[in-house]
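Notes for the one structure printed next.
As the structure is a computational prediction, the values presented were derived from the model and not from experiment. Count residues from 1 along the sequence.
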Amino acid sequence: MCEGEEVTFVVGIQESFSCEVNIGAPYELTFPDGTVQTSATNTFEGIILEAGEYEARVEMIDDGISNGTCPCGTSGGFSINSNSILVNPVPLTPTVDTTDRYVCPGEQIILTAYSTENTGGEMIWTDGINTNDILYVGQSFTTPSITGPTTFQVYERLGDCISPVAAEVAVLIETLPPPVFANADVVICPGESTVLEVVNTDGSQLVEWYLDPLGVDGVLHVGSTFVTPPLNNSTVFYVRITDEGCESDLGSATVEVEDLAPPTVANTSINVCEGDNALLSAEASSGGVIYWYEAISGALLGVGNQIEYELDVTTNSILVEERLGDCISEQLEITINIDALPPIPEIIAESVICEGSSLALFTNSFNNTYLYDWSGPNDFNSTDAEPIISNSDISNMGYYQLEVTETLTGCRNISDEYFVEITPAPNPGLQDTIRIHDGEQLQLQASGGTDYEWTPTEYLSDSTISNPVFTPPYLVTSNEEIYEYSVSVSDGNCESISTTTVIVVPRTEVVVYNVITPNDDGKNDEWFISFPANIKEYQIYLFDKHNQLVFKYEGDDYNSNRWNGRFMNGGKIVPNSSYFYRINISQGNKQCKRCTGMLSVFSTSNN
């Protein structure tokens with residue numbers, strides 16, 4: 001057994017002919033460190049093993065039959081005979097040199113491991129992939145041929161106990177990188193020599209140069225730096241690096257021998273817009289350096305693939321050449337023409353407009369070959385010559401600018417910024433939809449202006465005020481009636497129009513208004529009574545506090561001739577007081593449920 005395992009010990013007793021277990025006495029288990037554990041039974045459970053020997057004992061007593069021949073006596077005593085169980089320690093991870101080892105491809109290497117605590121176990125070597133596949137058992141292990149990076153693992157085994165964690169040794173392939181050249185591709189003029197150099201060596205490696213990849217002609221030169229002989233033809237030189245028996249892959253450096261071609265330019269005649277500098281570009285044909293000259297004076301303008309040239313006359317002539325070492329290419333001539341800019345455009349537009357109206361942008365620069373690019377607030381952008389912003393709002397207020405491009409030359413000009421102010425339009429504040437019952441009046445309400453105009457004018461008390469009273473005719477059917485009104489609101493600068501819908505809903509019961517104020521002011525001057533459309537005939541009676549009849553109506557169209565607060569003979573307005581009313585309705589067997597009550601009259605007029 002191995003240290004660290006969890007086991008159960010069971011103490012077996014071989015009773016002699018004269019002794020037996022003393023009932024009630026404990027069993028004892030002695031640990032390797034001398035610790036003693038007792039148990040009332042012969043079983044010790046959940047024991048985590050320690051390295052060393054375990055011993056068990058139990059108290060025995062004379063069986064009372066054999067005349068005292070039990071050595072433990074009649075008072076009991078511990079047995080003296082017991083087995084011992086040896087527990088092996090779990091070996092620690094073996095000790096190895098964990099430094100990465102390097103070998104050339106195909107080589108072998110000897111690896112050595114030692115017992116960390118000198119427990120005397122044996123070393124088990126695996127390839128680190130399948131730990132059950134044992135490569136070797138022993139302290140020193142000669143690896144097979146190494147063809148790629150490999151990690152070996154080694155364990156210590158002591159009996160059945162194996163170190164839980166293996167030691168690892170990495171064996172890497174000593175791969176020499178191929179030669180790296182300071183200048184692997186070189187262009188020289190005919191008859192010139194050049195210097196080739198390998199830069200990835202430290203001076204201790206062997207660097208050999210060849211004229212052919214197989215080395216048939218022998219070594220041409222040894223050393224990291226090689227001066228070629230004068231060359232008249234392009235030549236490839238091969239190099240290999242050797243270090244402690246390991247060889248790198250073969251590298252090569254090419255020396256091109258050629259007459260320099262002129263540099264490559266996109267166009268030998270270019271156009272530049274007035275006021276711009278010419279950006280001149282050329283690509284070296286052979287990896288050389290580009291030189292630029294002013295054609296007339298021969299002055300050097302710059303060196304490099306790209307220069308910026310400030311123009312001073314209408315037509316300019318530039319020369320460009322390529323240099324590589326002492327080689328100079330033929331010169332190319334580049335002609336630069338200056339194109340005139342389009343005139344500065346002028347923006348024409350109203351500087352102040354009302355919100356909701358259209359903003360029209362115009363310009364005095366018109367040409368069929370022009371492109372237009374308008375920009376402005378709220379990310380406005382348009383390519384129309386004369387764009388229009390419909391239904392403008394405050395977000396369209398700000399600075400506008402126009403850029404004009406001549407498509408024939410690509411030259412462009414830009415206008416000054418032009419500010420457009422957007423004046424907010426009045427907000428009428430109308431409700432979209434309003435529902436009222438048959439017989440009710442409604443005071444419409446608009447706001448935000450000084451002048452108002454309602455359309456249509458029918459059923460309105462005044463179509464030129466902000467809050468006219470809407471008095472619809474009584475419904476003659478049980479269907480809803482819909483009225484739409486629009487109001488034009490002006491604040492003296494801007495105007496806006498809004499619409500509201502009034503829906504007159506039929507009533508399902510008689511509604512009697514209990515107050516009138518007959519002052520001839522157009523407000524509550526008449527006694528309103530609303531009848532459902534299905535009631536065809538009724539009688540209305542009004543009495544004063546002396547039970548004298550003040551007003552009566554019999555028929556089916558009261559609201560075409562409502563009571564105006566005057567005595568029946570068309571005389572004066574009745575005194576301010578409360579009056580009793582009764583309404584009789586015959587509709588099958590049903591009578592009006594709320595058709596008696598009091599009506600209050602309040603008036604400031606005695607006419």
Side-chain angles (χ1 to χ4, degrees), residues 343-367 370-405 412-436 441-470 472 482-504:
I344 296 175
E346 179 184 354
I347 295 178
I348 302 171
E350 294 185 40
S351 60
V352 180
I353 65 171
C354 292
E355 183 179 18
S357 59
S358 294
L359 170 57
L361 300 171
F362 302 94
T363 180
N364 63 346
S365 295
F366 287 102
N367 194 306
Y370 283 178
L371 294 178
Y372 298 89
D373 186 8
W374 292 86
S375 60
N378 198 27
D379 295 328
F380 170 74
N381 188 270
S382 176
T383 57
D384 294 338
E386 296 179 345
I388 296 177
I389 301 175
S390 301
N391 195 25
S392 62
D393 57 30
I394 298 300
S395 67
N396 301 120
M397 183 169 69
Y399 289 95
Y400 289 83
Q401 202 164 34
L402 170 62
E403 184 178 74
V404 175
T405 302
R412 60 188 65 190
N413 222 330
I414 192 166
S415 71
D416 294 332
E417 290 185 330
Y418 186 88
F419 186 79
V420 176
E421 180 180 354
I422 309 292
T423 301
N427 180 11
L430 289 185
Q431 287 183 251
D432 290 337
T433 304
I434 306 173
R435 302 176 73 89
I436 63 174
Q441 291 179 309
L442 171 67
Q443 187 167 35
L444 299 173
Q445 187 66 54
S447 61
T450 56
D451 297 307
Y452 300 85
E453 185 65 37
W454 293 84
T455 56
T457 61
E458 286 82 4
Y459 312 120
L460 298 183
S461 61
D462 189 340
S463 64
T464 62
I465 62 175
S466 64
N467 55 348
V469 175
F470 167 63
I482 299 176
Y483 300 85
E484 287 193 357
Y485 287 93
S486 296
V487 61
S488 173
V489 180
S490 173
D491 61 3
N493 294 316
C494 296
E495 178 181 331
S496 62
I497 297 175
S498 185
T499 301
T500 186
T501 300
V502 181
I503 302 175
V504 180

Which pair of non-hydrogen atoms, one from [X] and one from [Y], has the smallest distance, and what is that distance?
X    : Y    : result
P426 : E495 : CD-N, 4.2 Å
A360 : A349 : O-CB, 3.4 Å
L460 : P468 : CB-CB, 4.3 Å
L402 : I347 : N-CD1, 3.9 Å
N396 : I422 : C-CG1, 4.0 Å
I344 : S415 : CG2-CA, 4.2 Å

Student check: side-chain heavy atoms of Y418 and L361 closer than 4.5 Å: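 Side-chain contact under 4.5 Å: no.
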Side chain to side chain contact (heavy atoms under 4.5 Å, CB included) between L444 and V502, intermediate numbers included: CA-CA 10 Å; L444 299 173; V502 181; 4.2 Å; yes
Check: [X] side chain, [Y] main-chain N or O, donor-acceptor pair, under 3.5 Å:
X    : Y    : answer
E417 : Q401 : no
W454 : N467 : no
S488 : E453 : no
N364 : E346 : yes
Y483 : P472 : no
T501 : T433 : no
N381 : W374 : yes
S351 : V420 : no
S392 : S357 : yes
E355 : P424 : no

Counting only heavy atoms from other residues, nucleotides and ligands, does the tally under 6.0 Å from [atom1] of [X] exceed 12?
X    : atom1 : answer
Q441 : CD    : yes
I348 : CD1   : yes
D379 : CG    : no

Inter-residue atom distance T405.OG1 - I414.CD1, 0.5 Å rounding: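 Those atoms lie 9.5 Å apart.
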Separation of E421 CD from I394 CD1 (nearest 0.5 Å):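 So the CD1 of I394 and the CD of E421 are separated by 8.5 Å.
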Inter- and intrachain pairs under ring pair (Phe, Tyr, Trp, His ring centres under 6.0 Å), touching residues 378-402, at least two apart: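 Qualifying pairs, neighbours excluded: F380-Y400, Y399-F419.
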Parallel, tilted or perpendicular, as decided by the 30° and 60° cut-offs, for the rings of Y372 and Y370: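 Because their plane-to-plane angle is over 60°, the rings of Y370 and Y372 count as perpendicular.
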Residues in salt bridge (Lys or Arg N to Asp or Glu O under 4.0 Å) contact with E386, at least two apart in sequence or another chain: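 Testing E386 for salt bridge (Lys or Arg N to Asp or Glu O under 4.0 Å), a comparison that skips the adjacent residues, returns none.
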